[in-house]
Amino acid sequence: MNLQTIRRELHQIPELGFQEEKTHRYLLNKLQELDSDRMEIKTWKTGILVKVKGNNPSKTIGFRCDMDGLPITEETGYEFTSVHDGRMHACGHDFHMTIALGSVKSIVDQPVDDDVIFIFQPAEEGPGGALPMMQSEVFQEWKPDVIFALHIAPELAVGTVSSCAGLLFANTSELFLDFKGKGGHAAYPHLTRDMTVAASSFVVELQQIVSRALDPLESAVVTIGKMESGFVQNAIAETARLEGTIRTLQPEAIDVVREKLERLAKGFEISHECKIDIDYGSNYYQVYNGKDYTDLFRKVINETDLHYQEAGPAMTGEDFGYMLKEIPGFMFWLGVDSPNGLHSSQLQPDERALIYGVQAVTSTIHSIARR
Ligand SMILES: CC(=O)N[C@@H](CCC[C@H](N)C(=O)O)C(=O)O
């Protein structure tokens with residue numbers, strides 16, 4: 001199994017959440033090539049669950065990876081660049097799946113006593129695959145007793161992994177705002193209600209929610225990542241749409257931000273004589289690492305040639321948080337040393353990290369199985 005080839009083939013076919021059809025078929029083919037009696041495969045939507053039967057199981061160990069890409073146009077200049085226009089594996093899920101496949105092979109070749117479930121989960125970037133997958137019959141039937149996952153970290157050196165007990169990833173809520181005013185000729189603004197102006201001012205005002213409405217000791221981020229309005233340069237826009245995300249370290253702070261945002265929207269409806277519809281899309285629960293398993297992970301890593309670095313909380317979100325809410329376990333960062341970060345059109349993770357990822361995952365599985 002050549003990890004670099006697999007990563008590059010997956011990299012070329014990024015698909016959005018719950019549309020991971022080609023990725024699904026590709027993974028199934030690779031798993032079937034392993035041709036092992038120890039392996040049992042089940043599917044859920046575009047997701048896949050693989051059980052590798054243990055020699056003498058007393059528990060089930062789970063490793064989860066995510067499968068979807070992002071609606072970003074790739075600008076890496078790779079010869080194996082995405083063949084899907086406007087889609088890119090810009091968050092490393094091609095790495096995550098490759099490492100999971102490499103780990104399946106390793107555990108098939110060197111089985112442990114416990115059963116191991118590898119979970120290929122769709123739609124991490126949105127609308128969120130973890131929660132519905134967990135509610136599925138197949139997940140409930142094969143529910144792990146302990147679970148872990150990894151995420152690539154562009155800012156960490158290859159050969160470094162990082163984690164911490166407690167909060168690792170933030171609480172998130174998506175945010176979609178639709179503005180409706182009155183369009184018209186660019187020369188007659190007084191006869192219209194300009195939604196380009198309203199939405200632009202809203203983006204600026206929004207910044208004060210974090211700086212003025214929240215306790216400065218509680219961290220939060222509100223980002224608008226996409227803004228759309230109008231059709232042509234000489235007409236005033238009747239509608240505008242903002243798309244963004246809210247992130248907080250405390251689960252309750254999401255509600256505080258939402259409440260302030262709704263008040264702001266009501267004020268804008270009056271002052272700009274418009275209608276604003278708010279939709280919060282999906283929200284993700286924080287990734288909160290259990291101390292036991294994070295300690296075990298640190299110990300495992302310190303016995304390998306990998307370097308362990310203590311992490312702090314980050315404002316990234318992960319629906320793996322829902323799995324950790326129900327099942328003990330942890331998540332860790334894997335160094336991939338890319339000058340451009342996550343969600344950049346030029347993310348270029350170093351492929352030497354793939355083998356380190358497999359090493360970190362399989363050593364952890366062996367160690368948990370010995371407990
Ligand atoms: C690791 C990572 O980058 N995760 C995403 C999760 C997205 C959650 C949701 N679509 C949102 O934007 O709130 C992230 O953007 O942190």
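Computed from a predicted model, the values in this text were never measured in an experiment. First listed ligand is number 1; within each ligand, the first listed atom is number 1. Start at 1 with the first residue, then count along the sequence.
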Chemist: If you take all heavy atoms of A170 and T248, which pair is closest and at what distance?
Modeler: CB-O, 3.5 Å

Chemist: Check whether D113 reaches the backbone of N55 with its side chain - one donor and one acceptor, N or O, closer than 3.5 Å.
Modeler: no

Chemist: Do the ring centers of F148 and F330 come within less than 6.0 Å of each other?
Modeler: yes

Chemist: If we ignore hydrogens and angles and just use 3.5 Å, is the side chain of Q140 paired with the main-chain N or O of M134 as donor and acceptor?
Modeler: yes

Chemist: Is there any protein N/O under 3.5 Å from an N/O of ligand 1, and what does the full list of such pairs look like?
Modeler:
residue	atom	partner	partner atom	Å
ligand 1	3 (O)	H343	NE2	3.1
ligand 1	4 (N)	E124	OE2	3.3
ligand 1	4 (N)	G317	O	2.8
ligand 1	10 (N)	E125	O	2.7
ligand 1	10 (N)	E174	OE2	2.7
ligand 1	12 (O)	T245	OG1	3.4
ligand 1	12 (O)	R247	NH2	3.1
ligand 1	13 (O)	T245	OG1	2.8
ligand 1	15 (O)	R247	NH2	2.7
ligand 1	16 (O)	R247	NH1	3.0
ligand 1	16 (O)	R247	NH2	3.2
ligand 1	16 (O)	G317	N	2.8

Chemist: Are any non-hydrogen side-chain atoms of K59 and I368 less than 4.5 angstrom apart?
Modeler: yes

Chemist: Report the residue from F332, Y322, W333, Y288 that forms a ring-ring contact (aromatic ring centres under 6.0 Å, His included) with F169.
Modeler: W333

